[in-house]
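Worksheet: the structure to be examined is printed underneath.
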Amino acid sequence: MTAAAFIPDLAAVRAAAQRLEGVVIRTPLLESAALNTCVGGRVLIKPELLQRTGSFKFRGAYNRLVQLSSAERAAGVVAWSSGNHAQGVAAAASILGIQARIVMPADAPRIKLERTRSYGADVVTYDRFRESREEIGAALAAKTGAIIVPPYDDPHIVAGQGTAGLEIVEDAARLGAMPDAVLVPASGGGFVAGVALAFSTLPQPPSICCVEPEGFDDHRRSLVAGARVANAAGGAPTICDALMAPTPGEITFAVNRRLLAGGLAVGDAEVEAAMRFAFEELKLVVEPGGAVALAALLSGKIDAHGKTIALVLSGGNVDPVFFAKVIAAA
């Protein structure tokens with residue numbers, strides 16, 4: 001953790017909401033009678049796949065970049081991402097007139113590579129199994145003087161992502177349906193940390209659970225251990241390309257170890273079933289990493305009977321050919 005870093009709190013999330021007002025899309029809370037019947041409870045769906053760039057990542061990226069000084073903006077930014085943070089940073093940089101260079105895996109979904117370039121960013125590809133994106137990004141920043149914008153372990157990123165949580169709190173209150181539990185996809189943990197902060201001062205906050213792919217459930221295991229643990233190197237692959245961080249962030253875990261109730265892990269088959277359900281019943285296109293919370297609910301990893309559950313569909317940037325195969329597999 002750098003000397004300039006701090007642990008964000010609810011005040012930081014509320015400040016981020018003010019910066020993002022009129023810039024981000026306030027995504028709705030949706031309900032599905034079919035889903036409610038299926039799980040025996042009431043489900044509130046936060047579709048962040050309808051956000052600018054197709055995922056929640058735009059929130060944190062804009063909150064970070066809008067606070068850069070004139071000199072920092074002139075120097076440009078460097079980020080690394082499998083695709084959604086890449087697009088969020090590229091879009092925010094485009095709006096603010098900042099040059100962005102993004103380090104992305106060469107095997108990232110084509111749609112994520114193309115969309116990142118479409119916002120005007122320079123994309124540098126790498127081999128995710130043989131090269132370090134952090135080292136490549138740090139070298140680019142050192143060479144150009146650009147500001148590094150990490151995908152999750154940054155207090156301003158966390159606070160920006162937390163604005164989605166504030167919207168859930170406010171909209172659930174209007175519905176008179178404050179959730180008993182909230183399910184949020186997790187990679188490095190910035191999104192779920194921000195959402196947990198948004199709920200943290202309620203008189204009776206719900207249970208906040210992160211959801212990860214099997215084999216990449218470092219947050220779940222870290223919460224059990226009480227300390228940050230890493231995923232096994234060279235482990236089994238997952239279709240959830242957006243959720244492959246090797247270990248929780250320092251800043252994110254400092255929040256999550258205090259506020260999260262636990263973690264859940266889902267398999268690829270469960271994720272594909274959730275993607276099909278979202279398409280067929282909700283009429284939404286969800287990428288694999290964006291569907292893990294729904295997968296945990298549908299597969300019974302959490303008991304929803306007689307309860308109100310809020311969950312986030314965090315992204316919809318899925319390769320069309322892969323998506324078609326998943327839907328056809330039904």
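- A 6.0 Å sphere centred on CD of Glu135 holds no more than 12 heavy atoms belonging to other residues, nucleotides or ligands.
- No donor-acceptor distance shorter than 3.5 angstrom exists from the side chain of Thr252 to the backbone of Pro248, with no hydrogens or angles considered.
- No single ILVMFWY cluster, assembled from side-chain heavy atoms under 4.5 Å apart, contains both Val224 and Val211.
- Atom-to-atom distance recorded for Gln87:CD and Ile111:CD1 is 7.5 Å, nearest 0.5 angstrom.
- Hydrophobic cluster membership differs between Ile25 and Leu44, with clusters built from Ile, Leu, Val, Met, Phe, Trp and Tyr side chains linked at under 4.5 angstrom.
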Is there a side-chain contact (heavy atoms from CB on, under 4.5 Å) between Leu166 and Leu10 once you walk through the steps? CA-CA 9 Å; Leu166 283 182; Leu10 180 58; 4.1 Å; yes

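- Between the side chains of Asn63 and Gln161, no donor-acceptor pair of N or O atoms lies under 3.5 Å.
- Two residues are said to be in side-chain contact when any heavy atoms from C-beta on lie closer than 4.5 Å; Val285 and Leu49 fail this criterion.
- Not one N or O on the side chain of Arg59 forms a donor-acceptor pair closer than 3.5 Å with the backbone of Gly162.
- For the pair Arg73 and Leu68, the minimum side-chain heavy-atom distance is below 4.5 Å.
- With sequence neighbours left out, Val23 forms a side-chain contact (heavy atoms from CB on, under 4.5 Å) with Arg52, Phe58, Tyr62.
- Under the ring pair (Phe, Tyr, Trp, His ring centres under 6.0 Å) criterion, the residue pairs touching residues 147-192 are Phe6-His156, Phe56-Phe191, with sequence neighbours excluded.
- The side chain to side chain donor-acceptor pair (under 3.5 Å) test applied to Arg258 returns no partner, not counting sequence neighbours.
- Residue Thr308 comes nearest to Ala177 through the heavy atom pair CG2-O, 3.7 Å, listed as atom of the first residue, atom of the second, then distance.
- A distance-only check finds no donor-acceptor pair linking the side chain of Lys57 to the backbone of Ala86 [under 3.5 Å].
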For Arg221 and Asp218: C-alpha separation, side-chain torsions, deciding distance, then whether salt bridge (charged side-chain N to carboxylate O under 4.0 Å, His left out) applies. CA-CA 5 Å; Arg221 291 181 291 108; Asp218 47 292; 5.4 Å; no

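- Under the 4.5 Å side-chain contact rule for hydrophobic residues, Leu260 and Leu202 share a cluster.
- Among residues two or more places apart in sequence or in another chain, the side chain to side chain donor-acceptor pair (under 3.5 Å) test is passed with Ser132 by Glu134.
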Between Arg110 and Asp319, is a side-chain contact (heavy atoms from CB on, under 4.5 Å) present by the stated rule, with each step listed? CA-CA 7 Å; Arg110 178 179 53 81; Asp319 179 80; 4.3 Å; yes

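- In terms of modelled atom types and a separation under 3.5 Å, the side chain of Ser222 and the main chain of Val229 share a donor-acceptor contact.
- Atom OG in Ser200 sits 9.0 Å away from atom CD1 in Ile208 (nearest 0.5 Å).
- Taking each heavy atom of Gly263 and Leu223 in turn, the nearest pair found is N-CD1, 4.1 Å.
- Partners of Phe199 under the ring-ring contact (aromatic ring centres under 6.0 Å, His included) rule, at least two apart in sequence or in another chain, do not exist in this structure.
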Dump the intermediate steps for side-chain contact (heavy atoms from CB on, under 4.5 Å) on Leu35 and Ile45, then the final yes or no. CA-CA 10 Å; Leu35 181 56; Ile45 304 162; 3.8 Å; yes

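- Listed for the Asp217 side chain is no donor-acceptor partner under 3.5 Å among the backbone atoms of Arg220.
- Contact of the Val149 side chain with the Asp154 side chain is not registered, since no non-hydrogen atoms from C-beta on lie closer than 4.5 Å.
- Note that OG1 of Thr53 is 9.5 Å distant from CD of Glu48, once rounded to the nearest 0.5 Å.
- Phe129 belongs to no multi-residue hydrophobic cluster, having no ILVMFWY side-chain contact under 4.5 Å with any other such residue.
- Pro185 approaches Gly289 most closely through the heavy-atom pair CB-O, 3.7 Å.
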From CA spacing to verdict: side-chain contact (heavy atoms from CB on, under 4.5 Å), Val326, Phe279: CA-CA 10 Å; Val326 171; Phe279 180 73; over 6 Å; no

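- Residues Val89 and Ser81 form no side-chain contact, since every pair of their non-hydrogen atoms from C-beta on lies 4.5 Å or further apart.
- Checking side-chain atoms of His85 against main-chain N and O of Pro150 turns up a donor-acceptor pair under 3.5 Å.
- For the pair Ile7 and Ile251, the minimum side-chain heavy-atom distance is below 4.5 Å.
- Pairing each heavy atom of Ser82 with each of Lys112, the nearest pair is O-CD, 3.7 Å.
- Here the OH atom belonging to Tyr126 is positioned 5.5 Å from the CZ atom belonging to Arg128, to the nearest 0.5 angstrom.
- Checked by atom type and distance alone, the side chain of Asp241 never pairs as donor or acceptor with a backbone atom of Ala108 at under 3.5 Å.
- Between Leu311 and Lys46, the closest side-chain pair of non-hydrogen atoms is not below 4.5 Å.
- The backbone N or O of Val43 lies less than 3.5 Å from a partner atom in the side chain of Asn36, making a donor-acceptor pair.
- Under a hydrophobic-cluster definition in which Ile, Leu, Val, Met, Phe, Trp and Tyr are linked whenever side-chain heavy atoms come within less than 4.5 Å, directly or via other members, Tyr119 and Leu113 are assigned to different clusters.
- Residue Arg14 qualifies as open at atom CZ: its count of foreign heavy atoms under 6.0 Å is 12 or below.
- In this structure, CD1 on Ile102 lies 11.5 Å from CZ on Arg133, to the nearest 0.5 angstrom.
- Rounding to the nearest 0.5 angstrom, the gap separating the CG atom in Asp122 from the CZ atom in Arg117 is 9.5 Å.
- Residues Gln204 and Met178 are not in side-chain contact: their nearest non-hydrogen atoms beyond the backbone lie 4.5 Å or more apart.
- Cluster annotation: Val271 and Leu284 are assigned to the same hydrophobic cluster (Ile/Leu/Val/Met/Phe/Trp/Tyr, side-chain heavy-atom contacts under 4.5 Å, transitive).
- Residues Asp268 and Thr238 have side chains that bring a donor and an acceptor to within less than 3.5 angstrom of each other.
- Judged by distance alone, with hydrogens and angles left aside, the side-chain atoms of Glu167 form no donor-acceptor pair with the main-chain N or O of Pro28 at under 3.5 Å.
- Minimum interatomic distance between Pro8 and Ala12 (heavy atoms only, all atoms of both residues): CB-CB, 4.2 Å.
- With contacts defined as side-chain heavy-atom distances shorter than 4.5 Å, the pair Leu294/Leu313 qualifies.
- Remark: the backbone N or O of Ala181 is not paired with any side-chain donor or acceptor of Ser207 at under 3.5 angstrom.
- Nearest heavy-atom pair across Gly315 and Ser55 is CA-CB, 4.0 Å.
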